[in-house]
Amino acid sequence: MAQTPRYRFAPSPTGYFHVGGARTALYNWILAKQTSGVFVLRIEDTDDSRNNPQWTQGIVDALAWLGIDGNDSHFEGPYFQSANAALHVEAAEKLFAQGKAYYCDLTTEDIQKRAKELGGQNERQGYDGYSRDRGLGPGPGRVLRFRVPSGATIVQDQVRGSVEFDNATIEDFVLLRGNGSPVFLLANVVDDITQCITHVVRAEEHLPNTPKQQMIWDALGITPPSWAHVPVLVNEQRKKLSKRRDKVAVEQYREEGILAEAMKNYLMTLGWAPSGDTEIVSFEKITDEFKLVSVNHSPAFFDIVKLQAFNADYIRALSLEEFITACQPWLMSDKAPWQASEYDLKVFTEIAPLVQTRVQLLQEVPSMVDFLFCDSPILDDAAFVKAFAPEWAVTTLIEIRDGFKVCEFTPDALKAVVESVGEKHSLKLGKLQAPLRVAITGRSVGPPLFEPIAMLGREATLKRIDVALAKKI
RNA sequence: GCCCCCAUCGUCUAGUGGCCUAGGACACCACCCUUUCAAGGUGGCGGCACGGGUUCGAAUCCCGUUGGGGGUGCCA
């Protein structure tokens, strides 16, 4: 009888959703989909006090953003590890009853002291099995330790092949703390068993602890799941991504205006690659082609520059309507530099095609169109000084202004005015427009100029030119 | 200390003994286009960590060295 494959994703609640976790979640989700299996979301929280509902909601929201949908029939959870504490303890007691675990009353200090006496120079030496045969029963302050059998433990890993650990190098580890509470290593195994987990796909950092978990599975008499340890994500120093140093929160990228599809696609190119000569592919193709065995073995650098390049690509691929819709949260935000009442969707709709090819992040959009919604442009002083440095700047701008006073107010006519001034002074359009651009938009770079000027209207345009001229003279 | 993992352009990767004069993507540079900035087009720069084997033949298999990372808690 074929068993339904069950993949568990087990983030710890830390107040944010790690990009590395996002990639692992994607792996699990894809695998569950491919095998008509189930994606089980379990929140790792052996300690109840860690169980912050807001944090859990953050994880659920971030997963949903990535398309890992809590309403899908392939999705189960979230489950809370702490809710099963009784089962964890029960399993530990079973192990004790069978002699596969034993109590020990040594404190951490005692263990270090013994190690020093016995081992000599080695400063880091583990527990030596002192209480193995002392026949201690449970009691306050006594921990329950697993009796590591002799021999070797072989972990069959779908990514790495078979990895052998000599049991002699694994100390008798703790199952139950002195206060009777289970440690996460045990909790995870018991939860995996009770939730009938068949596949464990997680980051490589867990590989060295896997033989311990596998020994617990064996001791409990249950066949261990299929393991897969995928490489970690690292920073430019090649260190595991950490909240302290690195920008690791998925939420943060979402707020900056990274598109979910871009994030998913980029994450999937880390440690794996779709077939063909392009890395930007549909999630359908990824779901089709992804295989654990073809996942790389080495850590991958999380390159924000490349993520943004992917995002720019995805933004350009949006239809105009989709792009406009996607921009709204940033345009309507109170962080936008204009009065909310000044924002006009119709105006933005007109200029949107010009900004779509010019942004990498959606959060860059407001600064590209602010001059249309603010009373006066937000002036970049350096740009102003530079644009008005040439001696022809003021003269030509006056001529342009005078032309604007009488010409038809369309992009073509406006352009013709500026061009004719350019001919008169033998200046190319590219140079000549600089002072005008700064006067109108406040900046030296931005979308093409004449369309927005036409949208702004004659009165506002002339006023801005005069303000700039007054500032210069 | 001990254990485990890893090693192809700067970065992410393709590559599973001859198709490799090592392919693509991001970044970078140049040129074209151009109304600034983008976008787009064309081209360029740039890599198998090192040393030994095995083989007619090695980026690919084996051993070693070096270098990186991770684990080793009464954290998760």
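Order of the sequence lines sets the chain letters (A, B, ...), proteins ahead of strands, with each chain counted from 1.
Nucleotides B:rG67 and B:rG43 have their P atoms positioned 42 Å apart, rounded to a whole Å. The C1' atoms of B:rA7 and B:rU65 are separated by 13 Å, rounded to the nearest whole Å. One P atom belongs to B:rC45, the other to B:rU54, and the distance between them is 37 Å to the nearest Å. B:rU16 and B:rA22 have their P atoms separated by 16 Å, with the value rounded to a whole Å. Separation of the P atoms belonging to B:rC63 and B:rG24 is 33 Å when rounded to the nearest angstrom. Atom C1' of B:rA39 sits at a distance of 47 Å from the matching atom of B:rG57, rounded to the whole Å. Rounded to the nearest Å, the gap between the C1' atom of B:rA49 and that of B:rU8 is 10 Å. Comparing the same atom, C1', in B:rC9 and in B:rU72 gives a spacing of 36 Å after rounding to whole Å.
Not one side-chain nitrogen or oxygen of A:Asn209 sits closer than 4.0 Å to the OP1 or OP2 atom of B:rC4. Taking 4.0 angstrom as the limit, A:His297 places none of its side-chain polar atoms (N or O) nearer than this to OP1 or OP2 of B:rC5. When the side-chain nitrogen and oxygen atoms of A:Arg238 are compared with OP1 and OP2 of B:rC6, none of them lie within a distance under 4.0 Å. Between A:Asn188 and the phosphate of B:rA76, there is no side-chain N or O to OP1/OP2 separation shorter than 4.0 Å. An OP1 or OP2 oxygen of B:rG70 is reached within less than 4.0 angstrom by no side-chain nitrogen or oxygen of A:Arg160. For the OP1/OP2 pair of B:rA76 and a distance below 4.0 Å, the side-chain nitrogens and oxygens of A:Thr46 include at least one atom meeting the criterion. OP1 and OP2 of B:rG70 both lie 4.0 Å or more from every side-chain N or O belonging to A:Lys240. Applying the 4.0 Å criterion to OP1 and OP2 of B:rG70, one finds that A:Lys239 has every side-chain N and O outside that range. Taking 4.0 angstrom as the limit, A:Arg177 places a side-chain polar atom (N or O) nearer than this to OP1 or OP2 of B:rC75.
Among the atoms of the strands shown, none is found under 4.0 Å from any heavy atom of A:Leu436. Across all strands shown, A:Ser444 has heavy atoms under 4.0 Å from base atoms, whether or not it also approaches the sugar-phosphate. Residue A:Phe165 is classed as a sugar-phosphate contact, given heavy-atom separations below 4.0 Å to backbone atoms only. Here A:Ala434 lies out of heavy-atom contact (under 4.0 Å) with every strand. If you check every strand for non-hydrogen atoms under 4.0 Å, A:Glu451 touches a base. At the heavy-atom level, A:Asn296 lies under 4.0 Å from the strands shown only through sugar-phosphate atoms. Residue A:Pro447 is classed as a base contact, given a heavy-atom separation below 4.0 Å to a base. Using a 4.0 Å heavy-atom criterion, one finds that A:Arg443 contacts no nucleic acid atom at all. When heavy atoms are screened at a 4.0 angstrom cut-off, A:Leu449 is found touching base atoms of the nucleic acid. Note on A:Phe184: a base of the nucleic acid sits closer than 4.0 angstrom, heavy atoms only. Here A:Asp45 lies in heavy-atom contact (under 4.0 Å) with sugar-phosphate atoms only. Using a 4.0 Å heavy-atom criterion, one finds that A:Thr357 contacts the bases of the nucleic acid, with or without backbone contacts as well. Within 4.0 Å of A:Glu205, counting heavy atoms only, lie sugar-phosphate atoms of the nucleic acid but no base atom.
Judged by closest nucleotide on RNA chain B, A:Asp303 is the one of A:Val445 and A:Asp303 placed further toward the 5' end. Comparing A:Glu164 and A:Lys212 against RNA chain B, the residue whose closest nucleotide sits nearer the 5' end is A:Glu164.
A heavy atom lying under 4.0 Å from RNA chain B marks the following residues of residues 137-144 of chain A, by number: A:Gly141, A:Val143.
A:Phe388 has its ring centre less than 6.0 Å from the ring centre of A:Phe384.
With contacts defined as side-chain heavy-atom distances shorter than 4.5 Å, the pair A:Met263/A:Leu66 qualifies.
Across B:rC37, B:rC4, B:rU13, the shortest atom-to-atom separation from the side chain of A:Arg358 is found for B:rC37. Comparing B:rC74, B:rA76, B:rU35 against the side chain of A:Glu44 picks out B:rA76 as the nearest. Ranking B:rC5, B:rA76, B:rU36 by closeness to the A:Val183 side chain, first place goes to B:rA76.
No hydrogens or angles were tested; on distance alone, a donor-acceptor pair under 3.5 Å links the side chain of A:Glu279 to the base of B:rG24. Applying the 3.5 Å distance criterion, the base of B:rA27 shares no donor-acceptor pair with the side chain of A:Lys306.
By the 4.0 Å N-to-carboxylate-O rule, A:Arg147 lies too far from A:Asp172 to be salt-bridged with it. A:Lys306 has a carboxylate O that lies under 4.0 Å from a charged side-chain N of A:Glu279, or vice versa, which qualifies the two as a salt bridge. A:Lys428 and A:Glu419 are not joined by a salt bridge, as no carboxylate oxygen comes within less than 4.0 angstrom of a charged side-chain nitrogen.
With a 3.5 Å ceiling on both atom-pair distances, the Watson-Crick or G-U wobble partner of B:rC50 is B:rG64. B:rC26 is paired with B:rG10 under the criterion used here, namely a Watson-Crick or G-U wobble arrangement in which both key atom distances are under 3.5 Å. Of all nucleotides present, none satisfies the Watson-Crick or G-U wobble test against B:rG73 with each distance under 3.5 Å. Across all strands shown, B:rA38 has no partner, as no Watson-Crick or G-U wobble contact with both distances under 3.5 Å is found.
Per the geometry, CZ belonging to A:Phe310 stands 13 Å off C1' belonging to B:rA27, to the nearest Å. A:Glu109 places its CD atom 14 Å from the P atom of B:rG73, with the value rounded to the nearest Å. One can place OH of A:Tyr127 at 11 Å from P of B:rC74, the figure rounded to the nearest angstrom. Look at CG on A:Asp277: it is 14 Å from C1' on B:rC26, rounded to the nearest Å.
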Does the side chain to side chain donor-acceptor pair (under 3.5 Å) test come out yes or no for A:Ser226 and A:Gln158, once each step is laid out?
-> CA-CA 7 Å; A:Ser226 164; A:Gln158 286 209 67; 2.9 Å; yes
| query | What do the steps show when you test A:Glu289 against A:Ser275 for side chain to side chain donor-acceptor pair (under 3.5 Å), and what is the final call? | reply | CA-CA 8 Å; A:Glu289 296 186 352; A:Ser275 65; 2.8 Å; yes
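A:Ser131 and A:Arg134 form a side-chain donor-acceptor contact under 3.5 Å, judged by distance and modelled atom types alone. No side-chain N or O of A:Thr410 forms a donor-acceptor pair with one of A:Asp412 less than 3.5 Å apart.
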Exercise answer: donor-acceptor pairs, residues 363-370 of chain A side-chain atoms, under 3.5 Å, sequence neighbours excluded:
from	atom 1	to	atom 2	distance (Å)
A:Glu364	OE1	A:Gln360	N	2.8
A:Glu364	OE1	A:Leu361	N	3.4
A:Ser367	OG	A:Glu364	O	3.0
A:Asp370	OD1	A:Arg443	NH1	3.1
A:Asp370	OD2	A:Arg443	NH1	3.2
A:Asp370	OD2	A:Arg443	NH2	3.0

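Here the options are A:Ile280, A:Leu307, A:Leu259, the test is side chain to side chain contact (heavy atoms under 4.5 Å, CB included), and the partner is A:Asn265; only A:Ile280 passes.
Atoms CG and CD1, on A:Leu449 and A:Ile453 in that order, are 4.5 Å from each other to the nearest 0.5 Å.
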